Amino acid sequence: MSSITTRRFLQTAATLVGGLVLAACSKQEPAQTASPAPAAPAAAPAAKVYVVGTDAAYAPFESQNEKGEIVGFDIDVVKAVALKAGIEVKFVNTPWEGIFNALTQGDRDLLVSSITITDERKQTLDFSSPYFDAKQLIAVKGDSKIAKFADLAKLKVGVQTGTTGDEVVTKLQGKESANVKRFESTPLALKELEAGGVDAVVADNGVVIHYVANNTGSKFKTVSDTSFAAEQYGIAVKKGNADLLAKINKGLADIKADGTYDKIFASYFGATAAAPAAAASK
Ligand code: ARG
């Protein structure tokens, strides 16, 4: 739909609920959830619905439940931020490999996907202030002799393509290494570990810990390493979208100040986020 037609369409449909209008326009996008619209006077025009892209195969941060709804820590954070910011959001499952492009092209207004804020990414998109501390963590079979990251130098290691896990393993093994096994999603890499196709998987600690705890049949254990750098997740907007970024940052500050963030954090990680480092060690 061209933007002019879209505008006209939205104007005509102004009395309809914004979420329904946009849902009707969207093409082959499957699971989507909309946060409740903030109460608005009946006569108000339909508000813009901000489309949030997320690679929903990254529990407990973003995943799809049995009903196909996108749920998780990141989702709750963005819903709470949106409520404070007075904006409406809907989440659209977006494969990690195309996620940054989708933002640049304007197919998504926001990204929340456990995205580590990196200098390289900052060149092509803008990040909110950090909302979560993370670190890489190694998953191996329970009987593995692997004890530290350097042990992976010559072994087959599974990573999700284009993640910070991919980056650190590629750096350790060298760009030409054929032993870095790249997967579309982190769960696929972990399945391959179970099948014996790789010796280890390197991914974000929260996701690895969650997977190991929820798939006890896989008999994995985790190996941490002090050489992994501290990472922080940010919500991404298109480069230069200062308006939206300001709203998001204000909303984030508000939910941190009034205890909403801590409540969400505790509901997923069972402890208070009062000390930022707590996030990384959970
Ligand atoms: N934090 C890592 C990165 O930014 C991995 C994020 C992957 N997220 C996801 N939803 N698959 O590279």
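For ligands, and for the atoms within them, numbers begin at 1 and follow the listed sequence. FYI, side chains are in, hydrogens and waters are out, and symmetry mates aren't considered; it's all heavy atoms of this structure. These numbers come from a predicted model, not from an experiment.
Nearest non-hydrogen protein atom to atom 11 (N) of ligand 1 is D55 OD2, 2.8 Å. The nearest protein atom to atom 10 (N) of ligand 1, hydrogens excluded, is given as S113 OG, 2.9 Å; this is a heavy-atom distance. Here the protein heavy atom with the shortest distance to atom 6 (C) of ligand 1 is S114 O, 3.2 Å.
N179 and S177 are not linked by any side-chain donor-acceptor pair at a separation below 3.5 angstrom, with hydrogens and angles left out of the test. If you check the side chains of Q160 and D166, you find no donor sitting under 3.5 Å from an acceptor.
By the 3.5 Å distance cut-off applied to N or O atoms, D204 is counted among the residues near ligand 1. The distance criterion of under 3.5 Å between nitrogen or oxygen atoms is met by E62 with respect to ligand 1.
A distance of 7.0 Å separates CG of L125 from CG of L111, quoted to the nearest 0.5 Å. Separation of atoms CG (D55) and CD (E62) is listed at 7.0 Å; rounding is to 0.5 Å.
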Determine whether F61 and Y268 satisfy the following criterion, ring pair (Phe, Tyr, Trp, His ring centres under 6.0 Å), listing intermediate values before the conclusion. CA-CA 9 Å; F61 297 96; Y268 284 90; 8.2 Å; no
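Counting only heavy atoms from C-beta outward, the side chains of T186 and L190 approach each other to under 4.5 Å.
Of all atoms in ligand 1, listed by their number and element, those nearer than 4.0 Å to a heavy atom of I115 are 4 (O). Heavy-atom proximity to Y233, at under 4.0 Å, picks out these atoms of ligand 1: 1 (N). Near T163, with a cut-off below 4.0 Å to any heavy atom, the atoms of ligand 1 are 5 (C), 12 (O).
Under a 4.0 angstrom heavy-atom cut-off, R121 registers as being in contact with ligand 1. Every heavy atom of T186 sits 4.0 Å or more from the atoms of ligand 1.
The aromatic rings of F269 and F132 sit tilted relative to each other, their planes meeting at an angle between 30° and 60°.
Nearest-residue assignment for atom 2 (C) of ligand 1 (options T161, T164, T118; heavy-atom criterion): T164.
With a heavy-atom cut-off of 4.0 Å, F61 does not touch ligand 1 at all. Under 4.0 angstrom from ligand 1, the non-hydrogen atoms of Q160 all belong to its side chain.
Taking a cutoff of 4.0 Å between a charged side-chain nitrogen and a carboxylate oxygen, D76 and K79 do not qualify as a salt bridge.
Taking the ring centre of F265 as origin, the terminal cationic atom of K263 falls outside the region bounded by 6.0 Å and 45° from the ring axis.
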